[in-house]
Amino acid sequence: GVMPLESYLTGVVASEMPLNWPLESLKAQAVAARSYALAVMNERGRRVYQVESNILDQVFRPLAQENGEDPLVRKALQNP
């Protein structure tokens with residue numbers, strides 16, 4: 001199946017930096033992660049999948065499976 005972009009970004013932001021950093025830092029990471037993901041998806045649009053879940057693109061771990069969504073990450077993604 002296809003993962004929604006916002007679900008992907010939640011896992012990326014939580015994986016790329018410590019969640020105890022200030023909200024503004026998480027917002028900056030959210031902007032960078034979204035911009036990168038959209039650029040890569042556009043470039044690789046015809047492939048079965050567009051992004052890797054490791055350091056080849058952005059580190060991604062499904063946050064919801066580990067310890068639930070972090071409200072600070074969700075806030076950073078909604079109001080960058």
Side-chain angles (χ1 to χ4, degrees):
V2 176
M3 176 177 281
L5 179 61
E6 293 304 307
S7 296
Y8 170 75
L9 291 173
T10 299
V12 168
V13 171
S15 299
E16 290 278 344
M17 66 187 312
L19 297 180
N20 62 350
W21 283 21
L23 177 60
E24 294 304 314
S25 298
L26 294 171
K27 286 181 179 183
Q29 182 65 34
V31 169
R34 183 179 283 114
S35 297
Y36 180 86
L38 291 172
V40 169
M41 290 168 66
N42 185 53
E43 179 182 308
R44 302 176 189 165
R46 294 184 180 188
R47 293 186 186 179
V48 175
Y49 63 92
Q50 287 85 36
V51 292
E52 299 280 348
S53 63
N54 55 38
I55 60 170
L56 295 178
D57 283 324
Q58 301 180 105
V59 178
F60 168 82
R61 288 187 305 261
L63 188 63
Q65 290 180 5
E66 291 177 7
N67 59 359
E69 283 190 12
D70 187 280
L72 203 55
V73 172
R74 178 60 48 203
K75 189 173 184 178
L77 286 165
Q78 290 175 348
N79 303 301

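All values reported here derive from a predicted model rather than from experimental measurement.
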Any side-chain heavy atom of L19 sitting closer than 4.5 Å to one from L72?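 L19 vs L72: side chains apart.
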When you compare the side chain of L77 with that of R34, does any pair of heavy atoms fall below 4.5 Å?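 Yes, side chains in contact.
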Shortest non-hydrogen contact from [X] to [Y]?
X: A30; Y: V13; result: CA-CG2, 3.8 Å
X: A37; Y: L5; result: CB-CD1, 4.1 Å
X: Q29; Y: M17; result: CB-SD, 3.2 Å

Does the pair Q78 and E6 meet the rule for a side-chain contact (heavy atoms from CB on, under 4.5 Å), with working shown? CA-CA 9 Å; Q78 290 175 348; E6 293 304 307; over 6 Å; no
